[in-house]
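Residue indices begin at 1 and follow the sequence shown.
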Amino acid sequence: MPGGRLTQQERQQIALGLADGLAYAEIARRLDRPTSTITREVMRNGGPTAYRADLAHRATERRAHRRKHTPPREHGALAQGHGRDDEAVREYEEAFTTLLMQQGLPKMMARVLTCLFIADAGSLTASELVQHLQVSPASVSKAIAFLEDQGLIRRERDERRRERYFVDDDVWYQSTIASARGIAQVAETARQGVSVLGPGTPAAARLENIARFSDFISESILRAAEQVREVLYTKPEASSGGTAKPSSDRG
């Protein structure tokens with residue numbers, strides 16, 4: 001599989017593929033590149049509807065020029081130890097951010113959430129985020145407010161009275177539960193329309209189908225999330241006979 005930066009010709013092929021409505025995976029297959037490379041390339045250069053090969057190529061050259069003439073930035077709390085490859089971590093951070101953006105998260109919110117995910121402590125201060133992301137404090141503040149409102153992070157004050165932002169180990173569980181409840185609200189609203197539009201009418205039948213589908217999906221997600229959470233967070237506990245028995249210590 002080829003490595004290195006995308007060439008201008010490859011970017012032109014990406015633009016043609018997007019114009020033909022091809023999926024990222026198909027474009028990647030034709031170029032013999034990882035799908036993540038194509039996804040990242042498109043998302044950082046305007047998205048599938050605004051991507052232009054010439055502009056993307058010039059933007060990449062400018063970024064490379066800046067990196068060449070700019071001293072490496074300090075990563076502060078995200079400084080990598082444990083024998084990690086800094087460049088590999090940086091690429092992974094970018095790929096995860098792109099994934100979150102594809103899921104509907106705005107760019108800055110996705111960048112902040114990814115930083116918290118990959119920080120070993122699972123927490124950072126506003127100044128650490130500003131330093132790592134090289135953005136304004138106002139941008140970080142806006143992103144934090146959004147993520148907190150979505151229940152994806154929480155804030156606490158540390159011993160120095162600084163606000164720290166945390167992602168808990170079960171953040172994905174909380175996010176999934178919130179999503180399931182949102183689907184349940186769709187079901188409820190759709191069902192209200194049945195009586196408004198008149199039972200037995202085509203529109204009411206359509207809304208009833210939406211409500212039934214949404215109810216089933218919401219209940220299935222909630223049930224699966226609870227089951228998975230119980231399995232993942234249940235630890236073996238030694239019984240009096242010396243054998244282990246399951247026990248959950250989550251309160």
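Taken from NE2 in His57 to CD in Glu10, the straight-line distance is 10.5 Å, to the nearest 0.5 Å. Atom-to-atom distance recorded for Leu147:CG and Leu105:CG is 6.0 Å, nearest 0.5 angstrom. Between Thr37 atom OG1 and Tyr24 atom OH the span is 13.0 Å, to the nearest 0.5 Å. One finds the SG atom of Cys115 at 6.5 Å from the CG atom of Leu124 (value rounded to the nearest 0.5 Å). Atom-to-atom distance recorded for Gln13:CD and Leu18:CG is 11.0 Å, nearest 0.5 angstrom. Rounding to the nearest 0.5 Å places CD of Glu156 at 9.0 Å from OG of Ser123.
Side chain of Thr114 to main chain of Ala110: a donor-acceptor pair is present (N/O by atom type, distance under 3.5 Å, no hydrogens or angles). For the pair Ser220 (side chain) and Phe216 (backbone), a donor-acceptor distance under 3.5 Å is present. Side chain of Ser175 to backbone of Val171: no donor-acceptor contact under 3.5 angstrom is found. Here the side chain of Arg11 pairs a donor or acceptor atom with the backbone of Leu6 at under 3.5 angstrom. Proximity of a side-chain donor or acceptor of Asp85 to a complementary backbone N or O of Ala88 within less than 3.5 Å is detected.
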Met101/Thr97 under side chain to side chain contact (heavy atoms under 4.5 Å, CB included): CA gap, chis, key distance, verdict: CA-CA 6 Å; Met101 290 168 59; Thr97 299; 4.1 Å; yes
Test salt bridge (Lys or Arg N to Asp or Glu O under 4.0 Å) applied to Glu128 and Arg164, step by step: CA-CA 10 Å; Glu128 288 168 342; Arg164 296 194 69 87; 3.7 Å; yes
Glu26 vs Arg29, salt bridge (Lys or Arg N to Asp or Glu O under 4.0 Å): CA-CA, chis, key distance, verdict: CA-CA 5 Å; Glu26 176 59 21; Arg29 187 188 67 78; 2.7 Å; yes
Step-by-step side chain to side chain contact (heavy atoms under 4.5 Å, CB included) determination, Arg5 to Glu41: CA-CA 10 Å; Arg5 293 190 180 93; Glu41 166 70 13; over 6 Å; no
Working for side chain to side chain contact (heavy atoms under 4.5 Å, CB included), residues Val135 and Arg111: CA-CA 11 Å; Val135 296; Arg111 295 185 71 194; 3.7 Å; yes
Side chain to side chain contact (heavy atoms under 4.5 Å, CB included) evaluation trace for Ile177 with Leu222: CA-CA 6 Å; Ile177 293 299; Leu222 287 169; 3.5 Å; yes
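In this structure Glu148 satisfies the side-chain hydrogen bond (donor to acceptor under 3.5 Å, both in side chains) test together with Arg155, sequence neighbours excluded. Every residue meeting the salt bridge (charged side-chain N to carboxylate O under 4.0 Å, His left out) condition with Arg191, not counting sequence neighbours, appears here in chain and number order: Glu208, Asp215. Tyr92 pairs by the side-chain hydrogen bond (donor to acceptor under 3.5 Å, both in side chains) definition with nothing, not counting sequence neighbours. Considering only residues two or more places apart in sequence or on other chains, Thr49 meets the side-chain hydrogen bond (donor to acceptor under 3.5 Å, both in side chains) condition with none of them. Every residue was checked against the side-chain hydrogen bond (donor to acceptor under 3.5 Å, both in side chains) condition with Arg206, not counting sequence neighbours, and none meets it.
At a threshold of 4.5 Å between side-chain heavy atoms, the hydrophobic network of Ile, Leu, Val, Met, Phe, Trp and Tyr places Leu133 and Met109 in one connected group. A continuous path of ILVMFWY side-chain contacts below 4.5 Å connects Ile118 to Leu129, so both sit in one hydrophobic cluster. Leu31 and Leu16 are not part of a single hydrophobic cluster, where members link through side-chain heavy atoms under 4.5 Å apart. Both Phe96 and Val140 belong to a single network of hydrophobic side chains, linked directly or stepwise wherever heavy atoms of I, L, V, M, F, W or Y lie under 4.5 Å apart. The hydrophobic clustering, which links ILVMFWY residues whose side-chain heavy atoms are closer than 4.5 Å, places Leu116 and Leu99 apart.
Counting heavy atoms of neighbouring residues, nucleotides and ligands inside a 6.0 Å radius, atom CD of Gln9 does not exceed 12 of them. Crowding of Arg212 atom CZ: a count of heavy atoms from other residues, nucleotides or ligands under 6.0 Å not exceeding 12.
Of all non-hydrogen atoms in Val130 and Pro137, the two that sit nearest each other are CG2-CA, 3.7 Å. Across all their heavy atoms, Ala204 and Pro199 have their closest contact at CB-CA, 4.2 Å. Listed here is the closest heavy atom pair of Ala59 and Asn45: CB-OD1, 3.9 Å. Across all their heavy atoms, Ala203 and Leu197 have their closest contact at CB-CD1, 3.7 Å. When all heavy atoms of Ser214 and Val186 are compared, the pair lying nearest together is OG-CG1, 3.8 Å. Residues Ala180 and Ile221 come closest through the heavy atom pair CB-CG2, 3.7 Å.
The side-chain contact (heavy atoms from CB on, under 4.5 Å) test with Tyr165 singles out one residue from Val112, Ile144, Thr125, Leu113, and that residue is Ile144.
Clustering of Ile, Leu, Val, Met, Phe, Trp and Tyr by side-chain heavy atoms under 4.5 Å joins Val196 with none of the others.
Residues Gln227 and Val231 fail the side-chain proximity criterion, which asks for heavy atoms closer than 4.5 Å.
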